[in-house]
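In what follows, residues are counted from 1 in the order of the sequence shown. Being a predicted model, the structure only gives us computed values, none of them experimental.
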Amino acid sequence: MAFDPMQEDCLRLILASMERDGAQTLEDASYIEQAANQYQVDPSALIKTDRDRSFHLVAKAAELIDYRAPFAPSEADAEACISTAESYLTEAVELDASNWDAQRMLATVQARTEDELVSYLLEHRDEVGKDTQRLMESASNPFELEFARDLGRRPHQRWLAALASRLLISGQYRMALTHAEMCLKANPLDLAGARHTGMLALAKLEVAPEELAQWRSRHATAYQQLIDPANTHLGGHTPDAWSLLAELSIRYRSFDFEGATEAIRSLMRIYPHAAQSLYFQAEFPDGVFGRVRVQPGSDDELVLALSEATPLLQEGMGTPEAASLALWVSEHELVQQELVKDGAALDFDMQPNDDAKGDA
């Protein structure tokens, strides 16, 4: 599960259109289908207010930054995507100053340092929460109430999730954990994926492995789609990449190399081509709208998790006596054997991604 900016834009516009047209019920399937088709053909036909236009620009910016720029054929093309997105976000803020997604994304694009962004997010955190609460308190009809219960709460959830993620990157692990908990409290289903950030923060705090299982149990609702009754590992759930990478790190730091090897073995069992991902450990840009959407159990999910786990993997770089976890993983016998089995070309000059294993 993850936020889909275009889907969210469509839902917002349909709900607003239903309210304007005096739809008799929120479950008017015929109206919803007609409006959804209109969105596919020409979304501008559904945009009637500054608030509508503002979030539509956010959705367009999100598609550019999170889903086009990372795959642009050249750096110039990527920069062009981001520049266009920045223009969209600037206009979105001008149209609706209470569009917290636009405010946060624009601050993310324009921040000169990670600390500057963290400070901004912390400064406005409570204000975003209060605005979200006011939506619920001021709702005067079923359509406004429906918006306040779900779509209107999502910018606050994304704010908290982004803050948790940035705090992790900044090395403020306890604060990252606290904000991941806040996000999960705001929405236990956790479309924002804050549970993963919390898991990585626990690993950086070098908790006992049992605490990872406790975290998953405490936030069982967020993990409910991953339940596997036949698997007793990590609290009876099929572990995701973030959970396994957190356990791998904890086992490795405590010199439990057998346990760390088992975590690698689990990753390779769950993900189709895990060896390549574990070897190269490519970094992927953080999503600006929210965590990038990937298929659970896919190679893309493992790549994303490895990228987010860079603070765990790169720790210890600098001397042969303190080789990083990244190198230990990429050179692990299980990984190397699988690469050979898959017929991967391992040239002598082919090395794991230096950026993923270098200093932060």
Checklist entry - With D21, which residues qualify under salt bridge (charged side-chain N to carboxylate O under 4.0 Å, His left out), at least two apart? => result none
Checklist outcome for this item: Quick note, ring-ring contact (aromatic ring centres under 6.0 Å, His included) partners involving residues 154-179, not counting sequence neighbours, are W100-W159, Y120-W159
Next on the checklist: Is there a side-chain contact between Q157 and F3 in this structure, where contact means two heavy atoms from C-beta onward sitting under 4.5 Å apart?
Outcome noted: yes
Item to check | Donor + acceptor pair across side chains of E27, T25 (<3.5 Å) | outcome: yes
Checklist entry - Are H124 and E127 close enough that a side-chain donor and a side-chain acceptor fall under 3.5 Å? => result yes
Next on the checklist: Looking at every non-hydrogen atom in both residues, tell me the closest pair between A275 and M268 and how far apart they are.
Outcome noted: CB-CE, 4.2 Å
Checklist entry - Is the closest side-chain donor-acceptor distance between Q295 and E301 under 3.5 Å? => result no
Item to check | Pairwise side-chain contact, P239 with I270, heavy-atom cut-off 4.5 Å (strictly under) | outcome: yes
Checklist entry - Within the distance-only criterion (no hydrogens, no angle test), does the side chain of Q281 pair as donor or acceptor with the backbone N or O of L278 below 3.5 angstrom? => result yes
Next on the checklist: Can you give me the closest heavy-atom contact between S277 and V303, atom names plus distance?
Outcome noted: OG-CG2, 3.6 Å
Checklist entry - If two hydrophobic side chains count as joined below 4.5 Å and joins carry through other members, does M105 share a cluster with L117? => result no
Checklist entry - What do the steps show when you test M175 against L122 for side chain to side chain contact (heavy atoms under 4.5 Å, CB included), and what is the final call? => result CA-CA 11 Å; M175 285 187 67; L122 284 170; 4.0 Å; yes
Item to check | E33 CD: over 12 foreign heavy atoms closer than 6.0 Å | outcome: no
Item to check | Closest contact, heavy atoms only, L202 versus I250 | outcome: O-CD1, 4.5 Å
Checklist entry - Other hydrophobic cluster members with L145, side-chain heavy atoms of Ile/Leu/Val/Met/Phe/Trp/Tyr under 4.5 Å, chained? => result M136
Next on the checklist: Suppose we screen for side-chain hydrogen bond (donor to acceptor under 3.5 Å, both in side chains). Which residues come up paired with R154, at least two apart in sequence or across chains?
Outcome noted: E8, D150
Next on the checklist: In terms of relative ring orientation, are Y252 and W328 parallel, tilted or perpendicular, with 30° and 60° separating the classes?
Outcome noted: tilted
Item to check | Any donor-acceptor N/O pair, S324 side chain to Q314 backbone, under 3.5 Å | outcome: no
Checklist entry - Remaining members of L160's ILVMFWY cluster at a side-chain heavy-atom cut-off under 4.5 Å? => result M182
Checklist entry - Do H332 and V329 have side chains that get closer than 4.5 Å, going by heavy atoms? => result no
Item to check | Check ion pair R195-D190 (N to O, under 4.0 angstrom) | outcome: yes
Next on the checklist: Apply side chain to side chain contact (heavy atoms under 4.5 Å, CB included) to residues M18 and I32 and explain how you reach the verdict.
Outcome noted: CA-CA 8 Å; M18 293 178 81; I32 293 171; 4.1 Å; yes
Checklist entry - Between D52 and R20, is there a side-chain N and carboxylate O pair less than 4.0 Å apart? => result yes
Next on the checklist: Starting from L306, can I reach L325 by hopping between I/L/V/M/F/W/Y residues whose side chains sit under 4.5 Å apart?
Outcome noted: yes
Next on the checklist: Whether E308 and R291 form a salt bridge (side-chain N of Lys/Arg under 4.0 Å from carboxylate O of Asp/Glu) is what I want to check.
Outcome noted: yes
Item to check | Trace of the side chain to side chain contact (heavy atoms under 4.5 Å, CB included) decision for V58 with Y88 | outcome: CA-CA 7 Å; V58 162; Y88 288 158; over 6 Å; no
Checklist entry - Any sub-3.5 Å donor-acceptor pair from Q336's side-chain atoms to S330's backbone N or O? => result yes
Checklist entry - Does S217 reach the main-chain N or O of A213 with its side chain, forming a donor-acceptor pair under 3.5 Å? => result no
Checklist entry - If you take all heavy atoms of A176 and A164, which pair is closest and at what distance? => result CB-O, 3.4 Å
Checklist entry - Do we see a donor-acceptor contact under 3.5 Å between the side chains of D300 and S298? => result no
Item to check | Expected output: side-chain K204 to main-chain L312 donor-acceptor under 3.5 Å | outcome: no
Next on the checklist: Could you check whether Y67 and F289 have their ring centres less than 6.0 Å apart?
Outcome noted: no
Next on the checklist: Atom CZ of residue position F255 - does it have more than 12 heavy atoms of other residues, nucleotides or ligands inside 6.0 Å?
Outcome noted: no
Checklist outcome for this item: For residues 4-59, the ring-ring contact (aromatic ring centres under 6.0 Å, His included) pairs (sequence neighbours left out) are none
Checklist entry - Is the shortest distance from a Lys or Arg side-chain nitrogen in E63 or K60 to a carboxylate oxygen in the other one below 4.0 Å? => result no
Item to check | Lys/Arg N to Asp/Glu carboxylate O, K341 vs E338, below 4.0 Å | outcome: yes
Next on the checklist: Would you say D115 and T113 are linked by a side-chain donor-acceptor pair, where the criterion is simply a distance under 3.5 Å?
Outcome noted: no
Item to check | Contact check, side chains of Q103 and N99, non-hydrogen atoms, under 4.5 Å | outcome: no
Checklist entry - Any donor-acceptor pair under 3.5 Å linking the side chain of D50 with the backbone of D96? => result no
Checklist entry - Mind checking whether L151 and L13 sit in one hydrophobic cluster, side chains of I, L, V, M, F, W, Y counted as touching below 4.5 Å? => result no
Next on the checklist: Do E144 and E19 make a side-chain contact, defined as non-hydrogen atoms from C-beta onward lying under 4.5 Å apart?
Outcome noted: yes
Checklist entry - Okay, side chain of E247, backbone of R251: is any donor-acceptor separation there less than 3.5 Å? => result no
Checklist entry - Under 3.5 Å, is there a donor-acceptor pair between the side chain of S83 and the main chain of E79? => result no
Checklist entry - Going through the checks in order, is the side chain to side chain contact (heavy atoms under 4.5 Å, CB included) test met by L184 and W215? => result CA-CA 11 Å; L184 283 157; W215 169 266; 3.6 Å; yes
Checklist entry - Just wondering, do L334 and I264 contact through their side chains at under 4.5 Å, heavy atoms? => result yes
Item to check | Distance-minimising heavy-atom pair for D101 and P155 | outcome: OD2-CG, 3.3 Å
Next on the checklist: When you group the ILVMFWY residues by side-chain heavy-atom contacts below 4.5 Å and let the links chain together, are F280 and V335 in the same group?
Outcome noted: yes
Next on the checklist: Looking at A80, is its backbone amide N or carbonyl O close enough to the side chain of T84 to form a donor-acceptor pair, meaning the two atoms are under 3.5 Å apart?
Outcome noted: yes
Next on the checklist: How about CZ on R68, more than 12 heavy atoms from neighbouring residues, nucleotides or ligands closer than 6.0 Å, or not?
Outcome noted: no
Next on the checklist: Would you say that T49 contacts R53 through its side chain, given a criterion of any heavy-atom pair below 4.5 Å between the two side chains?
Outcome noted: no
Checklist entry - Does the pair K185/E181 count as a salt bridge with the N-to-O cut at 4.0 Å? => result no
Checklist entry - What do you reckon, is CD of E137 surrounded by more than 12 foreign heavy atoms closer than 6.0 Å? => result yes
Next on the checklist: Treating Q110 as the side-chain partner and T108 as the backbone partner, does any N or O pair qualify as donor plus acceptor under 3.5 Å?
Outcome noted: no
Checklist entry - Is any side-chain heavy atom of S30 closer than 4.5 Å to a side-chain heavy atom of D28? => result yes
Item to check | Lys/Arg-Asp/Glu bridge criterion (N-O < 4.0 Å) met for R166, E114 | outcome: yes
Item to check | Atom of A92, atom of L57 and distance for their closest heavy-atom approach | outcome: N-CD1, 3.9 Å
Checklist entry - Hey, any chance W242 and V207 share a hydrophobic cluster, counting ILVMFWY side chains that come within less than 4.5 Å of each other, even indirectly? => result yes
